[in-house]
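Before any comments, here is the structure.
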Amino acid sequence: MNSDSDLQIAGDILEVPHLLQPAREHPATVAEFVGLARTIAADRSQWEHLVQYDATSRWYHRLRTGPGYEVWLLSWVPGQGSGLHDHGRSSGVLTLLKGELTERTERGTRALDTGAQRVFAPGYVHEVVNDSLEPAVSLHVYYPGLTEMPMHSARCAAAVAPDIAEDVVTA
């Protein structure tokens with residue numbers, strides 16, 4: 001019996017950017033939403049002039065909407081964070097456009113650098129924080145569009161189901 005899975009043999013398609021299909025006007029799959037985020041990230045003229053930094057609260061701007069999805073642009077000055085939360089029934093793709101962010105989950109802490117992407121399913125609980133000394137900018141694609149963002153206490157993180165889907169994509 002062969003113990004190699006198809007993923008081990010073929011590799012992760014999201015790790016091989018040239019295998020991704022070009023983003024359709026209205027994405028429908030995880031790979032297409034990742035492609036949409038990468039396309040927007042690569043075209044700085046779509047977002048760079050919109051970015052603002054607010055020392056009192058995280059700044060955000062809805063950049064685009066499509067059938068059932070939204071694209072948000074967020075800025076993070078040093079020390080700002082999201083608090084521990086999930087995205088209700090929405091799945092998402094987080095793409096770091098500029099700077100460094102830290103993601104904390106019940107599974108541990110992960111440093112995210114410019115170009116890093118995170119893919120998550122409904123109910124995925126995490127906290128995102130700018131622990132660096134420089135501002136950061138991120139792009140978030142939610143499907144369906146974000147209608148709720150329940151906050152969690154630190155105690156609740158340990159009770160989160162360990163099998164909630166998550167993935168890391170690097171450029």
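Nothing fancy with the numbering, it's 1 onward along the sequence.
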First locate atom [atom1] of [X], then atom [atom2] of [Y], and finally report the distance between them rounded to the nearest 0.5 Å.
X	Y	atom1	atom2	value
Leu133	Glu100	CG	CD	9.0 Å
Leu74	Trp59	CG	CH2	7.5 Å
Thr147	Arg89	OG1	CZ	5.0 Å
Arg104	His126	CZ	NE2	12.5 Å
Arg110	Arg118	CZ	CZ	4.0 Å
Asn130	Arg58	CG	CZ	11.0 Å

Report yes or no: do [X] and [Y] belong to one cluster of Ile/Leu/Val/Met/Phe/Trp/Tyr joined by side chain heavy-atom distances under 4.5 Å?
X	Y	answer
Leu50	Leu36	yes
Trp47	Val77	yes
Val129	Met151	no

- [ ] Mind telling me whether Phe33 and Tyr69 have parallel, tilted or perpendicular rings, with 30° and 60° as the class edges?
- [x]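 The rings of Tyr69 and Phe33 stand perpendicular, inter-plane angle above 60°.
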
Task: Exceeds 12 heavy-atom contacts within 6.0 angstrom, atom OH of Tyr53 - done: yes

Please name the pair of heavy atoms, one in [X] and one in [Y], separated by the smallest distance, quoted to 0.1 Å.
X	Y	value
Thr65	Arg62	CG2-CD, 3.6 Å
Leu84	Ser153	CD2-O, 3.3 Å
Ser90	Pro144	OG-O, 2.7 Å
Glu134	Ser132	O-OG, 2.9 Å
Ser91	Ala121	OG-CA, 3.9 Å

Open item on the list: Can you confirm whether the side chains of Thr95 and Gln117 place a donor and an acceptor under 3.5 Å from each other?
Closed with: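 Yes, side-chain donor-acceptor contact under 3.5 Å.
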
- [ ] Please examine the side chains of Asp86 and Phe120, heavy atoms only from C-beta on, and report whether any two atoms are closer than 4.5 Å.
- [x]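 Side chain of Phe120 against side chain of Asp86, heavy atoms only: no contact under 4.5 Å found.
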
TODO: Kindly indicate whether the side chain of Val141, heavy atoms from C-beta on, has any atom under 4.5 Å from the side chain of Ile40.
DONE: no

I'd like to know if the side chain of [X] reaches the main chain of [Y], judged simply by a donor and an acceptor atom lying under 3.5 Å from each other, with no hydrogens or angles considered.
X	Y	value
Gln80	Asp54	yes
Ser82	Val128	yes
Ser138	Leu96	no

Open item on the list: Let's go through Arg64 and Gln46 carefully: what are the C-alpha distance in whole Å and the side-chain angles of both, what is the deciding distance for side-chain contact (heavy atoms from CB on, under 4.5 Å) to 0.1 Å, and is it a yes or a no?
Closed with: CA-CA 10 Å; Arg64 179 185 300 183; Gln46 289 189 51; 2.7 Å; yes

